[in-house]
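All chains are named by letter (A, B, ...) in the order of the sequence lines, taking the proteins before the strands, and each is independently numbered beginning at 1. Owing to the predicted nature of the structure, the values given are computational and were not obtained by experimental measurement. Below, each value reflects all heavy atoms present in this structure, side chains not excepted, and no hydrogens, waters or symmetry copies.
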There are 6 protein chains.
Amino acid sequence: MTERPRPFEEIAVGETRETYGRTITETDFVVHAGHTGDFFPHHMDAEFMAKSEFGGRIAHGTMIFAIGIGLTATEINPLAFSYGYDRLRFVRPVFIGDTIRTRVTAARKEDDPKRPASGRLFETVEVLNQRDEVVLACEHIYIVQKKKEAAA
Amino acid sequence: MTERPRPFEEIAVGETRETYGRTITETDFVVHAGHTGDFFPHHMDAEFMAKSEFGGRIAHGTMIFAIGIGLTATEINPLAFSYGYDRLRFVRPVFIGDTIRTRVTAARKEDDPKRPASGRLFETVEVLNQRDEVVLACEHIYIVQKKKEAAA
Amino acid sequence: MTERPRPFEEIAVGETRETYGRTITETDFVVHAGHTGDFFPHHMDAEFMAKSEFGGRIAHGTMIFAIGIGLTATEINPLAFSYGYDRLRFVRPVFIGDTIRTRVTAARKEDDPKRPASGRLFETVEVLNQRDEVVLACEHIYIVQKKKEAAA
Amino acid sequence: MTERPRPFEEIAVGETRETYGRTITETDFVVHAGHTGDFFPHHMDAEFMAKSEFGGRIAHGTMIFAIGIGLTATEINPLAFSYGYDRLRFVRPVFIGDTIRTRVTAARKEDDPKRPASGRLFETVEVLNQRDEVVLACEHIYIVQKKKEAAA
Amino acid sequence: MTERPRPFEEIAVGETRETYGRTITETDFVVHAGHTGDFFPHHMDAEFMAKSEFGGRIAHGTMIFAIGIGLTATEINPLAFSYGYDRLRFVRPVFIGDTIRTRVTAARKEDDPKRPASGRLFETVEVLNQRDEVVLACEHIYIVQKKKEAAA
Amino acid sequence: MTERPRPFEEIAVGETRETYGRTITETDFVVHAGHTGDFFPHHMDAEFMAKSEFGGRIAHGTMIFAIGIGLTATEINPLAFSYGYDRLRFVRPVFIGDTIRTRVTAARKEDDPKRPASGRLFETVEVLNQRDEVVLACEHIYIVQKKKEAAA
């Protein structure tokens, strides 16, 4: 985890980065259920899910989102903060033993209507499995200071 | 956790429900950091945050989302599945010791363009703190089978 | 988790309910050992237990009790509180990968000698595995308010 | 954790031992809720419990039982196994910050009707808080081999 | 966990003890990563490690040290405290499913230059796997009170 | 977490880096005790330690080592591996609420007697608290490939 100040102007549309991989384990299922209180049988009952169309327990969507975003938390931009997420979609199930990684791409930039000294960076976030299939996608809205403000 | 089959037609726009409360503890901060790998000082460094504008450590946005949604996981509708979330916004910081609960409101219904036998239910999800302030909001998209399909 | 006030008179002897299933994982063994401090090799040493009569690690009895009871914690009766348990027996071993669920049956009712406005409900609690074998049994003593008291 | 074989005859009624203490933390509440799935507001909602007769969150009974028993798991008697527990009672609430320890007393001995080569040892188990008040009590039934059998 | 006061003079060079075994699980990998923040792919990415010379995920060195030392924490010598460790070496990788135990040998004794009433006990600590191979070794420096001091 | 290949020649003696801070919480005490099985009252019994010379629970030495090293795990040098640690010393106690960070300094370099194509880098590792006091110190031995080898 390192700090790297990057003002709005310096981030180029099209920039992309990919995280290290992380294998999703049965432990993560148990930890996430215990952390959130969601013990639905889709995640916790191997017998029930063996008979389902999925053939096995599937990960909580909120877990893949939280871990997928967590994988990107390696570098702090002190000039930016997270505004929210749009179009969060659970594209494919994640099973115990799958290995995920996250790809973040600077998709587009806009002025921020409420903050003239900052801009809005829209990042496409894709969580991929070991077969390079997208399992979760969303758009991250990042408010980033412009140079002048950052220098103030 | 109980099962309650509810076809698309039976869910009325305007229906609302509120979960029990849950106090967000320092333990949850540590568990979430460890679960996601996000150890940013905003969540983990009390000294650093004491000097910040927030005055103390603030919860990970992904944690409030995951726990806020988890609080609603008390009843399974076997005729429905989660499609995704829109307009996820981190409205206010959550601090250690705050108590959150979640309010879900059926906001609107639409046909599902890809699945004629199902409809799309849009739920407004609001996570509230102990002062009834919204700390996180999003829109949940739920695909729910229509009666005919459900009866098949 | 929902609230459902049920006075003593409304609970009929013979009533029964069964929870969702939950697969007991190696993670649960590790979490329970760490939570309680019981690292006995029966639960934690695969080599030692491979040579034992059991053929593998067996779950802590206290864990099957705690999780078995936890599975029933889906509905709060605000007119009742837990007095204790009798005849708690560890009937069969539980192994990593077994899926348990809990069946609760209202077995008998008695006046409460110390609390005239309440009664004692004795519930038979059985934790079952995926082969419908009882692995743990006990009797739960529940103190439940009578209608008059509850209405007060 | 050490091994100490003790046949039935060598255990004297009246023998007592007391464990080290352990402070029950908010972390233990969160871990136990997550481990068992019991997120009842009595344990998890500080706001709700501040207004209750207890004045604050109270520990799960199953947690005090599991940790109280776990505290005794320091010495293995390879000639014995746990048969079950009788008269498990939650005598007083345990709050965050209380420090518990466990006292075990050999209360009485009986022949085991089903196992002539073993006997039944009944141990009184008391979990105490920092004011030496009993918070949980139960009777542990321990099946212990007699000398002849143990020597076989 | 029991208390056993042993003054410096009573500990004989050559004394050795061996702990119970403990199987290192995938859960331990996930817990240690989350506890320390070290999510390096060597420990967390099964796909990446399947292609490496190791053929699979290997345990964090700090975990084998912490658990290996933890296994010895069964008896408190109130006359002693831990000064530090020398020559800590990660001799062999530990994989998910390996079962470790720890052997501690009193290697040599010295006067403590700063504390005349105490001595320094150097213990050889070896963590072994199920094939009796040393996976981690170090020398523990233990400051132990002499009889006179201990009796004071 | 990023990858940055650095051959032996490029690392200059005197180079130093400091990690982000992390507040050591009561949760970390409970997690570490549960992870390692070390429930000694020095770490777990607030009543016992309130009366001790320390005035409160003190962190496990193995925890400060594991977290202190974990804080540095932000950048992978694929040309290097960890050989071990020397002179690990627990210099000052760490209490619940202390905030630690780690400073790593390249102290000296040597040829590796067994590996001509690599060198040994000795790093001074100091874990500091919020008052800039060293709480733990050790020397890390790092085996790093030389340029030629790395390019091979």
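By the 4.5 Å heavy-atom criterion applied to side chains, A:T25 and E:R57 are counted as neighbours.
Heavy-atom minimum distance, E:E47 versus A:T99: CG-OG1, 3.3 Å.
Taking OG1 from A:T23 and CZ from E:F29, the interatomic distance works out to 11.0 Å, rounded to the nearest 0.5 Å.
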